[in-house]
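This report concerns only the one structure given below.
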Amino acid sequence: MLSGKHILLGITGGIAAYKAAALCRLLVKAGAEVQVVMTPLAKQFITPLTMATLSRRPILVEFFDPENGAWNSHVRLGEWADLMLIAPATANTLAKMTHGIADNLLLTSYLSARCPVAVAPAMDLDMYAHTATQENLQTLRRRGVAVVEPDSGELASGLEGKGRLAEPERIAAFVEGLFDEKKKSLSGKRFVVTAGATIEPIDPVRYITNRSTGKMGYALAAELARRGAGVTLVSGRTQLSVPQGVERVEVETAAEMYEAAVAAFEGADGGVMCAAVADYTPAAVADRKIKKSDDDLSIPLKRTRDIAAELGRRKGGRLLVGFALETDHEGEHAAAKLERKNLDFIVLNSLRDAGAGFGVDTNRVTLIDRSGAERLPLMPKSEVAARIVDRMESLLLK
Ligand code: C5P
């Protein structure tokens, strides 16, 4: 919660400025006091009236009120704020921040701010990818500015790519994370998380995959990062964007996931094996599209390697958590996997539970270790992730 926190919300002149309205509402709803400061151009994209209404305060744009000459003190704003959040932050404003240019009230406030500063960049994909922008972001990061990564997707220009302002919910969660001390509990630790479905090609066109969406693994990676851990997320196919503070390695096949997970496990304190890894892959991948004929077709499959079991062999005193998805004899099968893969505990999903399984945002799981089973109620995957990470933390403290 943001109760009583003073947030100076800077809005710059980009098409994504309209999302600042929803963001402001979320921050106010979470209990924050929000003072909006806009660049002159931002007024073209979202009206001062909208922002003043949502923030419940007059917004600030100019150094002076032209009507009565009253001075809008950027020094006072800088002192008042517990956090300055610039969302959206255009390439222009990021460049000016990097170079200390002070030609509007937002920028003078930034230079005067004594509080932490966060930016949520939003711009066209080529502007975002440009070396100038990337180097500016690097410099700002080095100076301690927190960056809310933009999303990938359709942009206002009609092009597809990275540069879309993070959704207001994600920015608000990021802000809460900045104020949340709990996230520090895992700082200095590093984890490998596997997530999503693998893709096993049959020929250049067809492949074998499964119904996993990656939601549970991504929620776990996000929770570990929120508590300050370094996270390498080895991800198969998914539609999800990278959680804040997480390093993603994208893979397709079980073999690629094996290589990436084993490499990332080298310097890690533990792993969470959440991916739905194919157990079988075509024995040979046809180099041309397989032509249909009137006959039936059989495709020989060979076994893939078990990533969790391999990390279990290498783990030594480190922590390893696995998942099991069962449709029958759940407890017995899960307990057998705990031993076979040398896990510290295993998270059992049953497809028999309503609200649990693929694609949904909730899950109902049982945590099983050598001393017994703890069945958790149906809850959002983010909360399931928090419970799993709580259990990991308690084992790390032992
Ligand atoms: O043996 P089963 O596939 O049911 O075990 C599930 C657990 O093992 C999950 O944690 C899954 O991520 C992991 N696994 C793996 N590599 C495989 C198969 C499963 O890491 N090839």
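Numbering starts at 1 and runs along the sequence shown. Counting starts at 1 for both ligands and their atoms, in listed order. Bear in mind the structure is a predicted one, so any value in this text is a computation, not a measurement.
- At under 3.5 Å, not a single nitrogen or oxygen of G322, backbone or side chain, sits near a nitrogen or oxygen of ligand 1.
- Heavy-atom separations between E326 and ligand 1 are all 4.0 Å or longer.
- For the side chain to side chain contact (heavy atoms under 4.5 Å, CB included) with V321, the lone residue among L220, V347, D369 that qualifies is V347.
- Closest to atom 8 (O) of ligand 1, if we only count protein heavy atoms, is K341 NZ, 3.0 Å.
- Applying the side chain to side chain contact (heavy atoms under 4.5 Å, CB included) rule to T90 yields the partners T12, N92, T93; only residues at least two apart in sequence or on another chain are considered.
- Residue contact check: A275 has heavy atoms under 4.0 Å from atoms 11 (C), 12 (O) of ligand 1.
- In terms of polar-atom proximity, defined here as any N/O pair under 3.5 Å, I307 does make such a contact with ligand 1.
- For atom 7 (C) of ligand 1, the closest non-hydrogen atom on the protein side is F323 O, 3.0 Å.
- Summary of contacts: the protein heavy atom closest to atom 10 (O) of ligand 1 is M273 O, 2.6 Å.
- Annotation: side-chain hydrogen bond (donor to acceptor under 3.5 Å, both in side chains) contacts of T232 (sequence neighbours excluded): R190.
- Looking only at protein heavy atoms, the nearest one to atom 4 (O) of ligand 1 is K337 NZ, 2.4 Å.
- Per-residue contacts place V277 under 4.0 angstrom from the following atoms of ligand 1 (heavy atoms of the residue considered): 15 (C), 16 (N), 17 (C), 18 (C), 21 (N).
- Counting only N and O atoms by type, the side chains of T47 and T50 include a donor and acceptor under 3.5 Å apart.
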K5 vs F179, side chain to side chain contact (heavy atoms under 4.5 Å, CB included): CA-CA, chis, key distance, verdict = CA-CA 9 Å; K5 297 286 185 225; F179 287 115; 3.5 Å; yes
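- For the pair R318 and F265, the cation sits on the ring face: its NZ or CZ lies under 6.0 Å from the ring centre, inside 45° of the axis.
- Under a cut-off of 6.0 angstrom, the local environment of OH in Y280 is sparse, with at most 12 non-hydrogen atoms contributed by other residues, nucleotides or ligands.
- Here the protein heavy atom with the shortest distance to atom 21 (N) of ligand 1 is R305 O, 2.9 Å.
- Which of A308, A254, G271 comes nearest to atom 15 (C) of ligand 1 through a heavy atom is settled by distance: it is A308.
- Polar contact with ligand 1: absent for A276 (N/O pair, distance under 3.5 Å).
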Could you walk me through whether T253 and T198 pass the side chain to side chain contact (heavy atoms under 4.5 Å, CB included) check?
-> CA-CA 5 Å; T253 63; T198 58; 5.7 Å; no
